Amino acid sequence: MSDLRKPFPFSEFEPAWQARWEAEKTFHTPGPGDADFDPAKPKYYVLDMFPYPSGAGLHVGHPEGYTATDIIGRYKRMRGFNVLHPMGYDSFGLPAEQYAIKTGQHPAITTAANITTFRRQLKALGFAYDWDRELATTDPEYVRWTQWIFLQLYGSYYCEVDGKAKPVTELEAMGWSREQVDGVRLAYVADTPVWWSPDLGTVLANEEVEEWKAKGHTVERRPLRQWMLRITKYAQRLIDELDALDWPEGIKLLQKNWIGRSEGAIVSFQIVNFTSPIEVFTTRPDTLFGATYMVMAPEHPFVAQITTPVQRTAVADYQKACASKSDMDRGDLNKDKSGVFTGAFAINPVNEVLLPIWIADYVMMSYGTGAIMAVPAHDPRDCEFAQRFELPVVEVVQRSVGATPTLFEVFCDAGIAINSGFLDGLTTAAAKATMIDWLEANHLGRRRIQYKLRDWLFSRQRYWGEPFPIVWKDGHHQAIPESELPLLAPPLDDYKPSGTPEPLLSKAREWVELPDGFLRETNTMPQWAGSCWYYLRYCDPSNTNRFISHQAEAYWTGKGDADRPPAPSATGMVDLYVGGTEHAVLHLLYARFWHKVLFDLGHVSTPEPFQKLVNQGLILGEDGQKMSKSRGNVVNPDDVVSEYGADALRLYEMFMGPLEQVKPWIMQGVEGVSRFLAKVWRLACEEHDGEWRLSPKIQDVPCTDKDLLRVLNDTIKRVGEEIESLKFNTAISFMMTCTKAFTALDVVPLKEFTQFLTVLNPFAPHLTEEIHQRLGGSTMLSEAAWPIYNPAALVRHEVEIIIQVNGKLRDRLLLAKDADEATATAAALACPKVRDHTDAKTIRKIVYIQGKLLNIVA
RNA sequence: GCCGCCGUGGCGGAAUGGUAGACGCUGCGGAUUUAAAAUCCGUUGACUUCACGGUCGUGGGGGUUCGAGUCCCCCCGGCGGUACCA
């Protein structure tokens, strides 16, 4: 499209305004310590999930959330808030390194190039960021503080008494040995079975496995020495403290399910001819009388010792089969139950019944104790296994007293205990409590709360991540001094994974080997490390003494404002966080965990990072499918900007539908909002021989048109309300209606039109600034105050009343706003359309809603 | 399986328990134009009626209510997450 054909000259004025905002630092956000900082001004912190700067550039999904937060941020500025609305890059990560493997190009170079592209694309959309606060997780100064926070974790333990993290120096002062201290650190080393991917050359967190498998990489289970973070200590707090957050219930539930709290009991079983008891975890201690066998995970350490000589070969074969199967997709291929008898027997502590002990891969070593008591009558998995191997079934719960047994169906609900000795007749809840009391009294077991959440596997063997600030000597690890931070990775010539779990950094011998026999830790941190705390760094991005100053932290959490204390329920720092659902259990759980540790150690003053969370919905391609290169349905924001302009892109992203909803991209929809913007433009400008000149219709005269004033004031009111509740699509529709009202006028009053432009400004900042300037505005609309609507202009004296008969619309009447029921009824019964439906009937009831509706029940 | 989200015109979507379909797109008709683009005006749920109007209509079935897209119960369909967690 040539410029002449464009409905308004966005390609001229959009870059000009962007340049001016940048040059004048219009969106500079003053913080504590800045000359222009006003501590009395209330803060508003609105945050986007920062992008991973991939080589593909910005996707139209990015500007969806970014525009929403931009509108809120600009609106809050107009309402007098000191708005923090920053942007940065989550720039560590595998793709840059995969590219380095192919080309030998250092990941830092690729990453810098990608960031340049992203920055250009973001700037072309006119977002009101304070670019002085821009950060990348790969910046050495950023890495420095990521490593510093790791050292806080390394230097802390979780004190069960106080229920919070404390420095390990307290334990050392109490005379704890080095081994004892290392055993409780929040960051610790463990030999544990982990997910290892040979072709990625790294181990992965539980949470990441699915994602990479879906991308076609292989993943297998291996025992390796790894750094772990003790997130499990925070399991309960991570559940409980969700309550005070203003998050979608679905996301809270997702996190709760991921943490997976279950209440139950540990039960000890003596083993025939074996000294140590075997412990099992069960959520149904009330069904102990119904246990008919026991199952241990194939990897359980006791298996070899209890197996009888006769069964030894079969057990060993099965163990081997499970170990090799673990690199396959065990879930899909192994739905059928399998297992082997060990030859050993356990003794049921409640009735001395001998239970055969089996091993089976449906029992996981990594959950509970790695062993279960099997109650086939009341657990579908145990039932399936029992049927497969013809093991006995004993029913110990029934639906109600005297109920007939339900054959062929496993009864898992709560009911009444039967065949259970001292539990008989008790409800399931009471039977659980009674059994646990009995077990505790007889030292055969104890109450136990078990979580699915595992400790966070925190080390990676890749190059493009933060190195651990740790050195080793004589098999012991220790922190390097803070003065040596940031510890940056040395350049390498070869980034190829070796195929062994030996970290890439170990190739840099000179970097690894230090004087006095010290060796550097060669693992690197996962990409999550940087995204765990970036929202804190935005508050004080260039601080060289701390990761965030106390003053900045206090101000941006809202604690530093004596006149405006935070709402009692507010426990999070960021007022509004917008991003995709894909981070429901990964980033959002990790960041909460880090924040809580920093809170416990006194570095931040709120227990939670993000007060309000909103998930924007995925944008699909025009075909209703997920956008992907292979489908060829990807929309590039650059193309949309060059054809329709940044304002049209912004507006369309918001007009498509509710922010949180999944919705397809429709190019004709972009044209629709572009037409709307052109209408606004033509209200102020007329074309003469390819030149745009000010329209003579715009005149600085008082407005006497009551209809226009009503529509305009209604628009001001409602657009403000809709922005507050993130309903941008309807906000835009109100502005469209308002534009129609202006279009109908012969004379457009300047003052009222400027109010309208101010309301539209957060959505279409370039267009509105340009028109405002052409109309003689000397200041920027971006710095204007949000207009105050006039309630008097909204008042109507006569209103249309809906007349219904038996709930069906029959007529409408224009009545005084405050007409009483008698007046309204009389008027309604005078209508022929109403009488058609009431005449032959007696009126039984009248429902009258003043100013709205009258329903005659006949 | 389990958990969560969602079902409204040709399409994206609006509707504090009170006019279903705002706003936009598309289609159709018209104005303007030599013509087109752009722009402007009208129209656009289905059925029915010459017309005024009427009947039906928010995935399906029940219920609560003067009144239900909205609240309650059951069912069907789609999307997303998760999967032997004892």
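Throughout, protein chains are lettered first and strands after them, A, B, ... in sequence-line order, and every chain is numbered starting at 1. Note that the structure is predicted; figures quoted are calculated from it, not measured.
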By the 4.0 Å heavy-atom rule, please label [X] as base, sugar-phosphate, or nothing.
X      : value
A/G672 : sugar-phosphate
A/Q804 : base
A/R844 : nothing
A/N855 : base
A/K256 : nothing
A/T743 : nothing
A/K740 : sugar-phosphate

For the side chain of [X], starting at C-beta, report the closest nucleotide among [options].
X      : options                : value
A/I372 : B/rA86, B/rU39, B/rC25 : B/rA86
A/M736 : B/rC23, B/rG54, B/rG18 : B/rC23
A/Y362 : B/rU19, B/rC66, B/rC84 : B/rC84
A/L253 : B/rC25, B/rC3, B/rA86  : B/rC3
A/W258 : B/rC84, B/rU82, B/rG54 : B/rU82
A/I802 : B/rU19, B/rC23, B/rU39 : B/rU19
A/S733 : B/rC40, B/rA86, B/rC23 : B/rC23
A/R810 : B/rA86, B/rG18, B/rU55 : B/rU55
A/N257 : B/rC3, B/rC25, B/rC56  : B/rC3
A/F281 : B/rC66, B/rA86, B/rU39 : B/rA86

Specify the separation, in whole Å, of atom [atom1] of [X] and atom [atom2] of [N].
X      : N      : atom1 : atom2 : answer
A/L809 : B/rA68 : CG    : P     : 14 Å
A/N806 : B/rU55 : CG    : P     : 12 Å
A/E671 : B/rC25 : CD    : P     : 9 Å
A/I846 : B/rG67 : CD1   : C1'   : 14 Å
A/L659 : B/rC5  : CG    : P     : 17 Å

Where does B/rG9 land, syn or anti, once you apply the within-90°-of-0 test for syn? syn
Against the six-membered ring of A/Y362, is A/K337 placed for a cation-pi contact (under 6.0 Å from the centre, within 45° of the normal)? yes
Residues A/R446, A/E279: salt bridge by 4.0 Å N-O rule: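 Yes.
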Strand partner of B/rG45, provided both Watson-Crick or wobble distances fall under 3.5 Å: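 The base-pairing partner of B/rG45, which may sit in any strand shown, is B/rC56.
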Gap in Å between the two P atoms, one belonging to B/rG54 and one to B/rG21, rounded: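 Comparing P positions in B/rG54 and B/rG21 gives a spacing of 15 Å.
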Name the residue from A/V662, A/N633, A/L618, A/I619 that meets the side-chain contact (heavy atoms from CB on, under 4.5 Å) definition with A/K626. A/L618
Residue-phosphate contact under 4.0 Å: A/R718 side-chain N/O, B/rC23 OP1/OP2: no
Indicate for each nucleotide in nucleotides 11-17 of chain B, in 5' to 3' sequence, whether protein heavy atoms under 4.0 Å reach the base (B), only the sugar-phosphate (S), or nothing (-). SBSSSB-
